[in-house]
Amino acid sequence: MANKIKELLQSGTVGTHVEIKGWIRTKRVSKQVVFLSINDGSCQGNLQAVIDPSQISEELLTELGTGASIAISGNLVTSQGQAQSIELQATELTLLGSAPDYPIQPKAHSLEFLREWSHLRFRTNTFGAVFRIRHAVSYAIHNFFHQRGFFYLHTPIITAADAEGAGEMFRVTNLDLLNLPKNPDGSVNYKEDFFKTSTNLTVSGQLAAEAAAMGLGSVYTFGPTFRAENSNTARHLAEFWMVEPEVAFNELQDNITLAEDFLKFLLEYVLKNCQEELTYLQQRSLHKTDTKQQMPLLERLNFVLEQPFARVSYTEAIAILMDAPPNKNGTFAYPITHWGIDLQSEHERYLVEHHFKKPVVVINYPREIKAFYMRQNDDGNTVAAMDVLFPGVGEIIGGSQREERMDYLIEAMQRINVPLEDLNWYLDTRRFGTIPHSGFGLGFERLILFVTGMENIRDVIPFPRTPGHVAC
Ligand code: ATP
Ligand code: MN
């Protein structure tokens, strides 16, 4: 098996014979020598291979271009160049796949351009860094929960509930769309459908996780969720991944503490284990003029790690926003006019970036703008909700203490016309041994946006799905 470039760059011994396989990033040719810079995806760095041009044909030399795949073996030697300490003195070279007209040439391409080539962008420095970090964060998530005695729960992707309350859903059916079975009143007869009822893709694993937590104690989901919301923003995808812990006997404050510990654990893990990637991404963003006023990436991550998050009630947040200069001088696109309105991302970012200057947890939202399952507070107007807001991203986590009291829950469902019979199984969890419990949903890609300093959510998921786009 070939050696991984990561290991060679870290601990390769000069004088040893090695073989590497990878893709050519760049080629430099002179009369005496050919330099190939090779990356195999294992790390940010490339290994330089040095080839004697008299040993290979003119034709092969032409084919050894950017994007081509090769296997090279030879001796590790001390490099003469400044850029690297070791290089590979090639003795044997096999071209695996040539790449004429490879679209990603070694120059700065825009992220928009690379999105058109999402199947090839894994071979760039930027996306190599993003996806290695994405892996590291996934690993750290499982690690965090495992250490704390949580069980990983696989909740269904197909759901019969169409009132999970988190957004527009995608229908799942195998009915013939050109020949739909109809009821006498003209509506579609879903009794003829695969599940004998109408079904959708899930928008959240929460309701199932609640049931599991009330038996297993502490669980978490980490899976794909789907929302047919037509929001063409830099922070919304139609298919995204969500992490949803749910904990028996936790109250709202425990839930906030869990969220803060969790996020900090992940940041610490990445800072410790993804230095090369973070340094690369930081360099990359420093070249851009529009982010000049921001802290550099590593500083930003450390800053969030060191600060206790601010905790503020929705009511206090509204008071701050009402008085905020952008509200008074009309620069908010959605002015804050009264208690009860939902916070937009511009408001969330004002609280985080201008007012508190650190992550903010907003709690106790008006019940009218939150989901039916959130626990009603004693004031009767608010629910025990918590949103965690991050710099640059806005809402990264949404969670709550759940309503464990049957009569309150039924009243909340009836108020928004959720058919009780559809969620009878969910009501059983309150009928039989109900308990206080809490949980939250972390938008995984929103976290990756923050950690990588990328600005568009389409650039932190391998193959983004957004309205009108489902390439690959
Ligand atoms: P937003 O107001 O930003 O649309 P939401 O209130 O709909 O978010 P929740 O239903 O609370 O979000 O979902 C939990 C988390 O999932 C959010 O805090 C966010 O991080 C993430 N999230 C929600 N919708 C999307 C989406 N369309 N694409 C990517 N992440 C999302
Ligand atoms: Mn939403």
Side-chain angles (χ1 to χ4, degrees), residues 134 137 141 155 159 161 163-170 201-207 209-210 220-246 255-256 259-260 262-263 266 309 314 317 333-334 341-349 351-352 359-363 365-374 383-402 438-452 454-470:
R134 191 177 158 112
V137 179
I141 286 169
T155 50
T159 170
E164 286 171 355
E168 291 296 307
M169 304 180 96
F170 288 101
L201 291 179
T202 187
V203 293
S204 153
Q206 179 200 318
L207 301 188
E210 280 186 60
Y220 69 104
T221 74
F222 185 178
T225 50
F226 307 85
R227 297 190 184 179
E229 50 195 353
N230 206 356
S231 25
N232 234 322
T233 76
R235 302 175 314 114
H236 287 92
L237 291 162
E239 177 180 300
F240 64 99
W241 287 65
M242 197 150 37
V243 183
E244 297 178 278
E246 193 67 39
N255 206 30
I256 300 173
E260 184 166 348
F262 177 49
L263 290 167
L266 301 180
F309 295 0
Y314 167 89
Y334 299 87
I341 60 172
D342 206 356
L343 301 183
Q344 303 294 326
S345 134
E346 58 178 347
H347 309 133
E348 297 171 344
R349 293 186 58 177
L351 290 172
V352 173
V360 178
V361 189
V362 181
I363 62 170
Y365 281 76
R367 70 170 186 160
E368 305 297 331
I369 58 171
K370 287 291 181 187
F372 70 87
Y373 49 71
M374 298 191 178
V383 288
M386 50 160 272
D387 280 5
V388 181
L389 316 179
F390 255 41
V393 186
E395 182 189 331
I396 197 164
I397 280 181
S400 66
Q401 182 169 344
R402 319 306 189 188
S438 302
F440 59 80
L442 166 73
F444 182 59
E445 284 78 18
R446 297 242 178 120
L447 175 66
I448 304 299
L449 269 183
F450 178 73
V451 171
T452 58
M454 300 297 282
E455 282 163 11
N456 193 313
I457 200 161
R458 294 166 181 81
D459 295 331
V460 297
I461 190 163
F463 297 104
R465 275 85 176 90
T466 53
H469 289 277
V470 64

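Side chains included, hydrogens not; waters and symmetry mates left out as well; all remaining heavy atoms used. Counting from 1, the numbers follow the sequence of the chain as shown. As the structure lists them, so they are numbered: ligands from 1, and atoms in each ligand from 1.
- Listed by chain and residue number, Glu168, Phe170 satisfy the side chain to side chain contact (heavy atoms under 4.5 Å, CB included) test with Ala228 (two or more places apart in sequence, or in another chain).
- Smallest separation of non-hydrogen atoms from Pro391 and Phe450: O-CD1, 3.6 Å.
- In the candidate list Lys370, Arg227, Met242, Arg227 is nearest to atom 9 (P) of ligand 1, counting heavy atoms.
- No more than 12 heavy atoms of other residues, nucleotides or ligands lie within 6.0 Å of OH in Tyr334, so this atom counts as exposed by the packing criterion.
- Looking only at side-chain heavy atoms (C-beta outward), Ser204 and Glu244 come within less than 4.5 Å of each other.
- Close N/O approach between Gly443 and ligand 1 is found [any backbone or side-chain N/O within under 3.5 Å].
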Open item on the list: With side chain to side chain contact (heavy atoms under 4.5 Å, CB included) as the criterion, how do Ile461 and Trp241 come out once you've worked through the C-alpha distance, each side chain's angles and the decisive distance to 0.1 Å?
Closed with: CA-CA 9 Å; Ile461 190 163; Trp241 287 65; 4.2 Å; yes
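- Close contacts of ligand 1 with Arg235, meaning ligand atoms under 4.0 Å from a residue heavy atom, involve 28 (N), 29 (C).
- Of the residues listed (Leu263, Asp387, Val361), the one engaging Ile397 in a side-chain contact (heavy atoms from CB on, under 4.5 Å) is Leu263, and it is the only one.
- Only the side chain of Arg446 comes within contact range of ligand 1, with a heavy atom under 4.0 Å; no backbone atom does.
- Heavy-atom contacts of Glu229 reach the following atoms of ligand 1: 24 (N), 26 (C), 27 (N) (cutoff under 4.0 Å).
- Under 4.0 angstrom from ligand 1, there are no non-hydrogen atoms of Glu445.
- Checked by atom type, the side-chain pair Tyr373/Gln206 shows a donor-acceptor distance below 3.5 Å.
- Contacts of Ile457 with ligand 1, taken as heavy-atom pairs under 4.0 Å, involve the side chain alone.
- Atoms of ligand 1 found under 4.0 Å from any heavy atom of Gly398 (numbered from 1 in listed order, with element): 11 (O), 18 (O).
- Shown in contact with Gly441 at under 4.0 Å from a heavy atom are these atoms of ligand 1, numbered in order with element: 14 (C), 15 (C).
- Looking at Glu395 against ligand 1, both its backbone and its side chain come within 4.0 Å, counting heavy atoms.
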